[in-house]
Amino acid sequence: MNTKPITELASNIGQEVTLNGWLYNNRPSGKVQFLMLRDGSGLCQCVIEQTKVDDMLFEQLKHLGQESSLSVTGLVREEPRSPGGVELVVSDAHIHCEATDYPITPKEHGIDFLLKNRHLHLRSLRPWCIGRIRHTVIDAIRRFFNDNGFTLVDTPIFTTIAGEGEQTLFEVDYFGQPLHLAQTGQLYLESAAMSFGKVYCFGPTFRAEKSKTRRHLTEFWMVEPEVAYIDLPGLLNLAEDFVFSIVQRVLKDNRSELETLGADIASLEQIQKPFVRLTYTEVADILTSERTKTFMAEQLAQFQAEKQVLETELAEIEAAEAKGGLKKWKQEKNARRMLEIRSELVELEVKIENNPKHARLAADFQWGKDLGGSDETIISLMHDRPVFVTHYPKAAKAFYMKSDRTNDTVVENFDLLAPAGFGEIIGGSVREDDYEHLLARIRKEGYNPDSYQWYLDLRKYGSVPHGGFGLGVERTVAWITGEKHIRQCIAYPRMMDKVYL
RNA sequence: UCCCCGAUAGCUCAAUUGGUAGAGCGAGCGGCUGUUAACCGCUAGGUCGUAGGUUCGAGCCCUACUCGGGGAGCCA
């Protein structure tokens, strides 16, 4: 048996092959049937002509339910009418498991229903495309660091000290000792960087933030590089090369998935080096400027214009429906379009409602505050390539960030904002490498210096300038794929208020 | 934690001003030799989230609760 994956069919035209897969869609049409088969590598249309197969088999296939598993054997041929340009002319088939009443039909479903059925939903086209892209992103991440002299160091998930804020820790009972789940591998990584020079860790990260938004998960994957002997400009260059390489890899390896998802490929192709570099102080000036005021007003006008267009279309469809006399298929198409319009209108309403609030927040922005999500969105919307924001106020940032020795009120940190309104995908900094400075910061935060003894040690024995950053995998995937919600970018999402499977 | 919206068939949604609960998909049966989320005909499928209240009468109005969605704050 000449078994092939669907992806290899184009190079096997004229040959008899066997495909192992699942039934994605079934369209019987009298004496000919079209089975859409998926095998994990792709989709293939299989044609069954009654005259060419056994009668019993023909009847059996005709009634085969969605997601039944089967192997089909037949001749591969070019066929312009088939999606993909190739099809299999079936001569024989073996059914492994007949599925009936598969819950996820080829129609719209609500998100709650899909997440309750996530174990099955993973088989659908959209999650499949996103999963493939996620795989590429992760491979590109590993490749980038491995090819650039970094050593992988696996940092612990049970941790003894906090890296970010102590409120966001998941505490676990570790044989009577309270430990918490890692919210970063950074502190351990700094220690490893003093051994290997350039290191990275890659694994799940846990944050107990009470954030019920489309940008948050309580368990997400983060990659964190840490480099000895590096300064802030060096870190920005590293992050720039890194993100650029990820985008290029996805454009190269997953073009068809991006197309299926309706991702904005043109915008991804516009991502070129150098990225924009702004300081926090410059951002504060931009936010409070006339330019931003105008920009926000223009955004609002645009949203309202879009709303107008959609409302007009909706009214036209409703009028046509009321008039009656439409064919059934036309009615169904209208119903689908109306649903689409309504959900787009809801999205627009939210944007229209939020715009003045965000405009006011930006206009009233005071130096010293951390940038809010809306502020990041504004800056990100103003640029068509990623934006670095550097030198945040010391008071708004974590204790381990190195203060700028020429301006003690700010730290040598950066965030990277993905373009077109997506917002933050990376946060990083140069680390405080001076023992006394660090100790003072730990005390000021109210942490117990005893818990940080080993971390402080690193500043006693051959301390060097060093730094690193963390990139959130799901956020990166959401940005690249254009997926609106981060929960679609991981197979089994863990959200603040709900864990499904 | 706060604000807004929602819950009707297995799924996605309708139901005029409070007056007999509807459609598509899916399921079952039948038809069709080129379908593209196929199409056409027929059949089955409902305690309208839960508990109270107003009313001659409640899917629709009021109250509480449960669950879900979106947003704010915070962050990768």
Side-chain angles (χ1 to χ4, degrees), chain A residues 24-36 43 45-52 62-63 65-66 79-84 87 100-117 124-125 164-165 167-168 183-184 205-224 321-322 327-329 331-336 338-340 342-343 346-347 349-351 353-354 357-358 361 370-374 376 396 398 415-418 423-428 469-479 484-486 496-498:
Chain A
Y24 196 71
N25 194 6
N26 192 358
R27 286 188 294 271
S29 178
K31 296 187 175 57
V32 65
Q33 299 175 42
F34 300 91
L35 300 186
M36 197 56 92
L43 284 170
Q45 175 168 293
C46 304
V47 187
I48 301 141
E49 296 175 31
Q50 191 166 26
T51 53
K52 291 187 183 165
K62 194 168 166 180
H63 293 97
Q66 194 188 347
E79 174 51 71
R81 288 171 294 187
S82 167
E87 70 182 13
T100 51
D101 293 324
Y102 185 71
I104 302 178
T105 62
K107 287 280 170 180
E108 312 86 359
H109 296 283
I111 188 64
D112 189 48
F113 176 79
L114 289 175
L115 287 175
K116 277 179 181 147
N117 289 285
S124 297
L125 195 53
E164 303 290 324
Q167 319 85 323
T168 69
Q183 45 177 201
T184 170
T205 302
F206 307 89
R207 304 241 172 127
E209 286 159 10
K210 295 242 184 338
S211 308
K212 206 189 93 178
T213 80
R214 58 173 74 178
R215 309 172 40 72
H216 285 86
L217 295 169
T218 53
E219 177 181 308
F220 64 97
W221 283 66
M222 184 160 72
V223 59
E224 298 175 90
E321 288 280 323
K327 295 268 194 220
K328 228 170 196 174
W329 67 268
Q331 282 180 21
E332 208 200 314
K333 197 177 162 194
N334 281 344
R336 224 179 286 154
M338 271 154 63
L339 270 183
E340 240 174 66
R342 289 210 179 99
S343 83
V346 170
E347 286 263 320
E349 294 285 357
V350 171
K351 285 183 185 169
E353 199 188 313
N354 281 335
K357 286 187 221 160
H358 293 169
L361 276 173
D370 204 348
L371 290 182
S374 64
E376 286 178 354
D415 281 350
L416 179 65
L417 311 181
E424 184 174 355
I425 55 170
I426 286 184
F469 57 84
L471 171 121
V473 168
E474 291 78 16
R475 283 196 183 172
T476 305
V477 173
W479 162 50
K484 282 204 184 69
H485 206 301
I486 194 169
M496 171 215 141
D497 57 336
K498 187 114 191 187

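Put simply, CG on A:L371 is 10 Å from P on B:rC74, counting in whole angstrom units. Atoms CZ (A:R27) and P (B:rU35) sit 10 Å apart, rounded to a whole Å.
The closest donor-acceptor contact from the side chain of A:E224 to the backbone of A:G428 lies at 3.5 Å or more, if one exists at all. Between the side chain of A:R475 and the backbone N or O of A:I486, no donor-acceptor pair lies under 3.5 Å. One N or O on the side chain of A:E474 and one on the backbone of A:W221 form a donor-acceptor pair closer than 3.5 Å.
Ring stacking holds between A:F220 and B:rA76, with the centres under 5.5 Å apart and the planes within 30 degrees of each other.
Candidate nucleotides B:rU35, B:rG73, B:rG70 were compared by shortest atom distance to the side chain of A:L361, and B:rG73 ranks first. For A:T105, whose side chain is taken as the heavy atoms from C-beta onward, the closest listed nucleotide among B:rG26, B:rC75, B:rG73 is B:rG26. Each of B:rA72, B:rC75, B:rU33 was ranked by its minimum atom distance to the side chain of A:H358; first place goes to B:rA72. Looking at the side chain of A:D112, the nearest of the listed nucleotides B:rC75, B:rG73, B:rG68 is B:rG68. Of the listed nucleotides (B:rA37, B:rG34, B:rC32), B:rG34 has the atom at the smallest distance from the side chain of A:R81. Among the nucleotides B:rA27, B:rG70, B:rG34, the one closest to the side chain of A:F34 is B:rG34. Among the nucleotides B:rG34, B:rC32, B:rC75, the one closest to the side chain of A:R207 is B:rC75. In this structure, the nucleotide among B:rU12, B:rA72, B:rC75 sitting nearest to the side chain of A:H109 is B:rU12. Which of B:rC74, B:rA37, B:rC29 sits closest to the side chain of A:E108 comes down to B:rA37.
Within 4.0 Å (heavy atoms only), A:E87 reaches at least one base atom of the nucleic acid. Across all strands, A:G65 comes closer than 4.0 Å to no nucleic acid atom at all (heavy-atom distances). Here A:I425 lies in heavy-atom contact (under 4.0 Å) with sugar-phosphate atoms only. Among the atoms of the strands shown, only primed sugar atoms or phosphate atoms (P, OP1, OP2) are found under 4.0 Å from some heavy atom of A:K498. Nucleic acid contact for A:E79: base, since at least one base atom lies under 4.0 Å from a heavy atom of the residue. Contact annotation for A:P103: no contact, since no heavy-atom pair falls under 4.0 Å across all strands. Residue A:I111 is classed as a sugar-phosphate contact, given heavy-atom separations below 4.0 Å to backbone atoms only. Residue-level contact check: A:T51 touches the bases, meaning some heavy atom is under 4.0 Å from a base atom. Among the protein residues, A:S82 comes within range of the nucleic acid bases, having at least one heavy atom under 4.0 Å from a base atom. If you check every strand for non-hydrogen atoms under 4.0 Å, A:T100 touches nothing. A:D370 comes within 4.0 angstrom of the backbone, heavy atoms only, and of no base.
A:R214 has a side-chain polar atom (N or O) that falls below the 4.0 Å cut-off from OP1 or OP2 of B:rG71. Note on A:K212: every side-chain N or O is 4.0 Å or more away from OP1 and OP2 of B:rG71.
Comparing the C1' positions of B:rG6 and B:rG59 gives an interatomic distance of 14 Å, to the nearest angstrom. Using atom P as the reference point in both B:rC5 and B:rC40, the two lie 39 Å apart (nearest Å). Straight-line distance between the P atoms of B:rC56 and B:rA14: roughly 31 Å, to the nearest whole Å. Only the P atoms considered, B:rC65 is 41 Å distant from B:rG26, to the nearest whole Å. Taking atom C1' on both B:rA51 and B:rU66, the two are 11 Å apart, rounded to the nearest angstrom. For the P atom pair drawn from B:rU20 and B:rG57, the interatomic distance equals 15 Å after rounding to whole Å. A distance of about 31 Å separates the C1' atoms of B:rG30 and B:rU8, rounded to the whole Å. B:rC62 and B:rG18 have their P atoms separated by 11 Å, given to the nearest Å.
Mapped onto RNA chain B by nearest heavy atom, A:G427 and A:P28 fall at different nucleotides, with A:P28 at the one closer to the 5' end. Place A:V350 and A:H216 on RNA chain B by their nearest nucleotides, and A:V350 ends up nearer the 5' end.
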A:D415/A:E376 under side chain to side chain contact (heavy atoms under 4.5 Å, CB included): CA gap, chis, key distance, verdict: CA-CA 10 Å; A:D415 281 350; A:E376 286 178 354; 4.0 Å; yes
Apply side chain to side chain contact (heavy atoms under 4.5 Å, CB included) to A:S374 and A:N354, showing your working. CA-CA 9 Å; A:S374 64; A:N354 281 335; over 6 Å; no
Would A:E209 and A:Q183 count as a side chain to side chain contact (heavy atoms under 4.5 Å, CB included) here? Give the steps. CA-CA 11 Å; A:E209 286 159 10; A:Q183 45 177 201; over 6 Å; no
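With contacts defined as side-chain heavy-atom distances shorter than 4.5 Å, the pair A:L371/A:E424 does not qualify. Residues A:S82 and A:F34 fail the side-chain proximity criterion, which asks for heavy atoms closer than 4.5 Å. Residues A:L43 and A:P83 are not in side-chain contact: their nearest non-hydrogen atoms beyond the backbone lie 4.5 Å or more apart.
Counting only Watson-Crick and G-U wobble pairs whose two distances sit under 3.5 Å, RNA chain B takes part in these stems of three or more pairs: B:1-7 with B:66-72, B:10-13 with B:22-25, B:27-31 with B:39-43, B:49-53 with B:61-65.
Side-chain atoms of A:Q45 and base atoms of B:rU35 include a donor and an acceptor less than 3.5 Å apart. Checked by distance alone, A:E349 brings no side-chain donor or acceptor within 3.5 Å of a matching partner on the base of B:rG70.
Nearest approach of A:R214 to A:E347, heavy atoms of both residues: NH2-OE2, 3.2 Å.
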